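Because only heavy atoms are used, hydrogens play no part in the values below, and waters and symmetry mates are left out as well, while side chains stay in. Please read these numbers as outputs of a predicted model, since none were measured by experiment.
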Amino acid sequence: MKRAVFPGSFDPITLGHLDIIERAIPLFDEIIIAIGVNADKKYLWSLEDRKRFIETTFASEKTIKVKTYSGLTVDFCKAVSASFILRGLRNTADFNYEQSIAQTNSSLAGVESVFMMCSPKYSNISSSIVRDVFRNDGDISALVPTSVLG
Ligand code: ADP
C-alpha cells in the first residue's frame, strides 16, 4: 500500500493545497491529509472548522483521509504506516525551507518526501494571504474551496 501524508496547518485549506492533492491522487493508494496541531501556534480557524473544510472538499474521494496530529511528522508517518510525505513547492523559498527537512526525514526515519510543483495560477496563494484578506473583510472566494466559504 503506497500511503502518503500531506502535512500542514491548513488555516485554511486553499486552492493551492487542493491542486497538489488532486494531482497526487493517481500517485498513491491513500493520502492522509494531516493537520498539525501546535499548542504554541495561534490559528484563525478552529481545528474542527479546518478539519471540516477538508473533509467536505474531499467527501467523494475514497483514497483521501483526514487526520490531526501533534509532534514530529515522521512519528505520525510511522504511526499510520506511511512511507511518503507529500509537499507542494511554489518557489525557491519553499525549496530552501523543504530541502533540509526532507533530507533529515529521509536519513533519520527513512520517510521519503515527494514534491509537486504547484500550478502557475496558484503560486501566489498561501494560507497567510487568505487570512490577511479575510481579516480585512476582503473576498477570499477566488483563493479557497467553497467549503471554506460556509
Ligand atoms: P505549513 O504550516 O507546513 O506551511 P501549509 O498548510 O501552509 O502548512 O502548507 C502545507 C503544504 O502545502 C506545504 O507543502 C506547502 O508548500 C503547500 N502549499 C501551500 N500553498 C500552496 C500553493 N499555493 N501551491 C502549492 N502548494 C502549496
Side-chain angles (χ1 to χ4, degrees), residues 1-59 61-135 140 143-145 147-148:
M1 161 83 103
K2 264 188 277 170
R3 185 180 285 125
V5 165
F6 185 59
S9 309
F10 304 107
D11 187 30
I13 185 169
T14 69
L15 293 181
H17 297 131
L18 191 68
D19 170 54
I20 296 291
I21 296 162
E22 281 179 342
R23 289 164 52 217
I25 286 173
L27 303 180
F28 300 102
D29 299 311
E30 185 174 284
I31 299 173
I32 299 174
I33 303 174
I35 310 174
V37 179
N38 180 343
D40 298 330
K41 217 168 154 181
K42 281 206 159 179
Y43 301 99
L44 188 54
W45 279 274
S46 70
L47 182 60
E48 292 70 30
D49 283 349
R50 284 181 280 145
K51 191 160 185 266
R52 183 168 41 83
F53 296 156
I54 301 172
E55 283 169 345
T56 307
T57 303
F58 294 104
E61 292 290 351
K62 290 188 171 41
T63 62
I64 303 279
K65 302 275 180 316
V66 188
K67 292 184 190 289
T68 63
Y69 76 103
S70 55
L72 289 178
T73 303
V74 287
D75 288 341
F76 177 72
C77 289
K78 290 250 160 79
V80 297
S81 303
S83 308
F84 305 98
I85 293 175
L86 172 67
R87 298 288 284 176
L89 292 178
R90 285 163 288 191
N91 46 44
T92 53
D94 276 353
F95 175 83
N96 289 335
Y97 175 75
E98 298 288 347
Q99 184 179 26
S100 53
I101 298 174
Q103 288 165 341
T104 306
N105 288 342
S106 173
S107 63
L108 291 188
V111 177
E112 288 297 343
S113 296
V114 176
F115 296 98
M116 292 191 70
M117 206 58 73
C118 80
S119 300
K121 61 181 170 178
Y122 298 126
S123 63
N124 63 319
I125 300 182
S126 66
S127 293
S128 67
I129 284 182
V130 173
R131 290 194 298 274
D132 277 350
V133 174
F134 185 81
R135 272 198 208 97
I140 61 168
L143 307 172
V144 297
S147 62
V148 178

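- Of the possible donor and acceptor atoms, one in the side chain of Ser123 sits under 3.5 Å from a partner among the backbone N and O of Pro120.
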Exercise for review: Show your reasoning for whether side chain to side chain contact (heavy atoms under 4.5 Å, CB included) applies to Leu89 and Asp94.
Suggested key: CA-CA 6 Å; Leu89 292 178; Asp94 276 353; 3.9 Å; yes
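- Among all heavy-atom pairs drawn from Pro145 and Ile13, the shortest one is CD-O, 3.5 Å.
- Contact between Ala102 and Ser113 at its shortest, heavy atoms only, is CB-OG, 3.6 Å.
- Of all non-hydrogen atoms in Phe6 and Arg87, the two that sit nearest each other are CE1-CA, 4.1 Å.
- Asp11 contributes atom CG, which lies 8.0 Å from atom NZ of Lys41 (distance to the nearest 0.5 angstrom).
- Outside the 6.0 Å centre-distance limit, the rings of Phe53 and Phe10 are not counted as a close aromatic pair.
- Taking all atoms of both residues into account, the shortest heavy-atom contact from His17 to Pro12 is CE1-O, 3.8 Å.
- Atom CG of Asn105 and atom CD1 of Ile85 lie 4.5 Å apart (nearest 0.5 Å).
- Taking all atoms of both residues into account, the shortest heavy-atom contact from Leu86 to Ala24 is CD2-CB, 3.5 Å.
- Here the straight-line distance linking atom CG of Asn91 with atom CG of Asn96 works out to 9.0 Å at 0.5 Å rounding.
- The only member of Val148, Val144, Leu44 that meets side chain to side chain contact (heavy atoms under 4.5 Å, CB included) when paired with Val130 is Val144.
- Closest of all the heavy-atom pairs between Arg3 and Ser81 is NH1-O, 3.2 Å.
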Practice item. Show the numbers, then the answer: is there a side chain to side chain contact (heavy atoms under 4.5 Å, CB included) between Ile129 and Asn124? Key: CA-CA 9 Å; Ile129 284 182; Asn124 63 319; 5.7 Å; no
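- Atom NZ in Lys2 sits 11.0 Å away from atom CD1 in Ile31 (nearest 0.5 Å).
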Practice item. Verify side chain to side chain contact (heavy atoms under 4.5 Å, CB included) between Arg90 and Tyr122, making sure each step is shown before the conclusion. Key: CA-CA 8 Å; Arg90 285 163 288 191; Tyr122 298 126; over 6 Å; no
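- The closest side-chain heavy-atom distance from Val5 to Val80 is below 4.5 Å.
- Here the side chain of Arg23 pairs no donor or acceptor atom with the backbone of Cys118 at under 3.5 angstrom.
- In this structure, Phe28 and Phe84 have tilted ring planes: the angle between them lies in the 30° to 60° band.
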Exercise for review: Please step through salt bridge (Lys or Arg N to Asp or Glu O under 4.0 Å) for the pair Lys78 and Asp75, ending with a clear verdict.
Suggested key: CA-CA 5 Å; Lys78 290 250 160 79; Asp75 288 341; 6.0 Å; no
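- Interatomic distance, OG of Ser119 versus CD1 of Ile20, reported as 7.0 Å (0.5 Å rounding).
- Rounding to the nearest 0.5 Å places CD1 of Ile33 at 9.5 Å from CD of Glu61.
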Practice item. Please assess Ile32 against Tyr69 for the test side chain to side chain contact (heavy atoms under 4.5 Å, CB included), listing each intermediate value before the final yes or no. Key: CA-CA 11 Å; Ile32 299 174; Tyr69 76 103; over 6 Å; no
